[in-house]
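Below: the structure, in structure tokens.
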Amino acid sequence: MGRDLKVEFGRINEDNIEQLRKVNLACFPVQYQESYYKDVQDSKGDGLCKFAYWNGFVVGAACARIEPLNKDDKNKGTDKDKTNDDNDNGADNKKQRIYIMTLGVLAAYRGRTIGAQLIQSILDHFENHMMDPELKNVVEITLHVQISNDDAIKFYTEKFGFEKGDIIENYYRRIDPPHCYKLFKKLR
Ligand code: ACO
């Protein structure tokens with residue numbers, strides 16, 4: 001298809017993390033905390049965190065992590081504060097989810113399937129490694145998206161079959177509207 005731009009993937013590490021800051025600055029209205037950049041740098045391989053390269057240049061990035069399934073979805077505030085104080089109780093205690101922290105494609109390259117290739121590669125990573133220790137308890141893939149971000153909501157629900165969860169009010173501190181949806185898709 002003519003509009004497709006086939007990208008290559010590359011891992012994100014301490015040597016190229018500044019590139020990720022640039023992509024995020026260009027793509028998102030919020031700033032991410034240092035804990036997010038640390039999570040990305042610490043992630044193993046390029047299964048969950050990756051750059052998309054076209055013609056040798058970074059044109060987008062996707063960053064996900066594994067976390068408890070019921071990690072609190074309540075108002076966490078923007079800057080995507082990452083807390084590690086999960087106290088999940090009950091039978092779902094061991095279940096986990098892949099949480100998409102960021103997915104961004106530089107504006108000039110949007111609508112050319114790069115976002116889809118990035119998400120598909122995360123889903124493929126899960127399919128290919130679902131019995132590995134890292135992924136064996138993962139049952140869902142999840143993200144939060146600002147309620148006004150129609151492009152991204154359509155992208156996830158129509159192209160990838162994510163379901164729309166409840167509105168989480170005042171999830172973001174510094175952007176208007178401050179509310180988000182949780183989007184999720186069962187993986188097994
Ligand atoms: N031009 C054409 N189609 C667009 C455009 C655009 N500018 N923007 C969104 N779309 C829609 C279309 O419906 C299209 O579907 P189709 O293939 O059926 O026509 C689909 O989205 C495009 O799919 P891709 O080309 O694979 O997506 P793209 O590479 O444009 O990436 C993304 C989508 C990542 C949402 C991009 O628009 C972006 O970076 N937006 C800014 C950052 C953002 O909002 N990220 C998601 C926030 S949620 C989170 O990060 C967890």
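First listed ligand is number 1; within each ligand, the first listed atom is number 1.
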- Heavy atom of protein inside 4.0 Å of atom 3 (N) of ligand 1, strictly below: yes

- Query: Taking a hydrophobic cluster as the set of Ile, Leu, Val, Met, Phe, Trp and Tyr residues connected by side-chain heavy atoms closer than 4.5 Å, whether directly or through intermediates, do Leu25 and Val105 fall within one such cluster?
  - Reply: no

- Query: Which atoms of ligand 1 sit under 4.0 Å from any heavy atom of Thr102?
  - Reply: 50 (O)

- Ignoring angles and geometry beyond distance, decide whether Val105 reaches within less than 3.5 Å of ligand 1 through its nitrogen or oxygen atoms. yes

- Query: Which residue holds the protein heavy atom closest to atom 44 (O) of ligand 1, what is that atom called, and what is the gap in Å?
  - Reply: Asn149 ND2, 2.7 Å

- Task: Report the part of Leu118 (side chain from C-beta onward, or backbone N, CA, C, O) that has a heavy atom under 4.0 Å from ligand 1; answer both or neither where that applies.
- Result: neither

- Task: Check each atom of ligand 1 against the heavy atoms of Asp151 and keep those under 4.0 Å away; list them by number with element.
- Result: 8 (N), 9 (C)

- Would you say the ring centroid of Tyr171 lies under 6.0 angstrom from that of His144? yes

- Which residue pairs pass the side-chain hydrogen bond (donor to acceptor under 3.5 Å, both in side chains) test when at least one of the two sits in residues 7-20, sequence neighbours left out? Glu18-Arg21

- Any N/O pair Ala152/ligand 1 closer than 3.5 Å: no

- Message: Checking the N or O distance criterion of under 3.5 Å, is ligand 1 in contact with His144?
- Response: no

- Task: Would you check the N or O atoms of Gly111, main chain and side chain alike, for any that come under 3.5 Å of an N or O of ligand 1?
- Result: yes

- Could any protein non-hydrogen atom be found less than 4.0 Å from atom 12 (C) of ligand 1? no

- Message: Contact between ligand 1 and Arg3 is defined here as a heavy atom of the residue under 4.0 Å from a ligand atom; is it met?
- Response: yes

- Item | Side-chain heavy atoms of Ile98 within contact of Arg65, under 4.5 Å | no

- Message: Would you say Phe184 ends up clustered with Leu48 if hydrophobic residues are merged whenever their side chains have heavy atoms under 4.5 Å apart, either directly or through other cluster members?
- Response: no

- Message: Would you say the ring centers of Phe9 and Tyr53 fall short of 6.0 Å from each other?
- Response: no

